[in-house]
Amino acid sequence: MATIFRDWSYRYQWLYDGVSRLAALSVGGESRFRQLALQDLILHPDSQILDLCCGSGQATEYLIKLSPHVTGLDASPLSLERSRCNLPNATYIQAFAENMPFNDHQFDIVHTSAALHEMQPQQLRKIIDEVYRVLKPGGVFTLVDFHPPTNSLFWPGLSLFFWLFETETAWEFIKTDLPGLLRVKGFEVTKPSLYAGGSLQVIQAQKR
Ligand SMILES: C[S@@+](CC[C@H](N)C(=O)[O-])C[C@H]1O[C@@H](n2cnc3c(N)ncnc32)[C@H](O)[C@@H]1O
């Protein structure tokens, strides 16, 4: 269940970006939030980076500073149109994350922010399979998304946010053992780094 604010946040970019900036204050601001999953990545000038579920390019903006070879994939034509307009230096593809139109072993890095919590459990597993397939051996899947708060003071804020903007998939997602799913697939996973009272997790998983 979600409120009308969810529809509005996708319809009006100023609302999505405003809410995102407000939420990012919990980790020290938008710029820090956008770079949490980009720490310690080993990149070279030819690194091929995929911004999975790129939306309107909120994280793509930071990825194009790391490599000239950034591809943004999203299912929404409207979001991609906004990305192309905001950040023409990346390549954009309209597709579903669970069925990506890429060759095996195409990317050095697959990044995704604030998107996996929108997936149904089976869809999430399919996306993990696809990410594994399109990554080169040694490539890294790096993500930032919700996590159950470890500091109870953060539960009311997260619950309000979920009620206003999310659906039941977000509640299901925070109960999911994401590192476990990634390990089963064959990724080597470091312990998630937690932020904002534990309500955000950053995971970097390497394809063996
Ligand atoms: C909450 S937005 C996140 C956007 C951006 N990554 C960010 O950090 O702000 C989730 C995005 O995932 C996209 N999306 C949802 N399901 C998808 C799917 N199955 N395949 C590709 N994109 C999907 C939506 O269109 C939306 O742009």
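Whatever order the structure lists ligands and atoms in, that order sets their numbers, starting from 1. Worth saying up front: this structure is predicted, and the values here are computed from it rather than measured.
- Listed by chain and number, the residues in a side chain to side chain donor-acceptor pair (under 3.5 Å) with Ser31 are Gln35 (sequence neighbours excluded).
- At a threshold of 4.5 Å between non-hydrogen side-chain atoms, the residues Leu25 and Arg21 do not count as touching.
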Problem set entry | Evaluation steps, side-chain hydrogen bond (donor to acceptor under 3.5 Å, both in side chains), between Glu30 and Ser20 | CA-CA 7 Å; Glu30 174 85 4; Ser20 167; 3.3 Å; yes

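- When Arg6, Glu118, Met119, Glu98 are checked for heavy-atom proximity to atom 16 (N) of ligand 1, Met119 turns out nearest.
- Residue-ligand proximity: Ala59 is placed with every non-hydrogen atom at 4.0 Å or more from ligand 1.
- No side-chain donor-acceptor contact under 3.5 Å links Asn89 to the backbone of Pro68.
- Here the heavy atom of the protein found nearest to atom 9 (O) of ligand 1 is Tyr16 OH, 2.5 Å.
- Numbered from 1 in the order shown, with element, the atoms of ligand 1 that lie under 4.0 Å from a heavy atom of Cys54 read 5 (C), 6 (N).
- When Ile93, Asp51, Asp74 are ranked by how near their heavy atoms come to atom 26 (C) of ligand 1, first place goes to Asp74.
- Other cluster members for Leu41: Leu38, Leu43, Ile49, Tyr62, Leu63, Ile64, Leu66, Val70, Leu80, Leu87, Tyr92, Ile109, Val140, joined by side-chain heavy-atom distances under 4.5 Å among Ile, Leu, Val, Met, Phe, Trp and Tyr.
- Nearest to atom 20 (N) of ligand 1 among the protein's heavy atoms is Ala97 N, 2.9 Å.
- Contacts of Arg34 with ligand 1, taken as heavy-atom pairs under 4.0 Å, involve the side chain alone.
- Between Arg133 and Glu130 there is a salt bridge, with a side-chain nitrogen of the basic residue lying less than 4.0 Å from a carboxylate oxygen of the acidic one.
- Counting protein heavy atoms only, atom 23 (C) of ligand 1 is closest to Cys53 SG, 3.7 Å.
- The distance from ligand 1 to the heavy atoms of Gln58 drops below 4.0 Å at these ligand atoms: 5 (C), 7 (C), 9 (O).
- Inclusion of Ala75 in the set of residues having an N or O under 3.5 Å from an N or O of ligand 1 is warranted.
- For the ligand labelled ligand 1, residue Ala95 lies inside the 4.0 Å heavy-atom shell.
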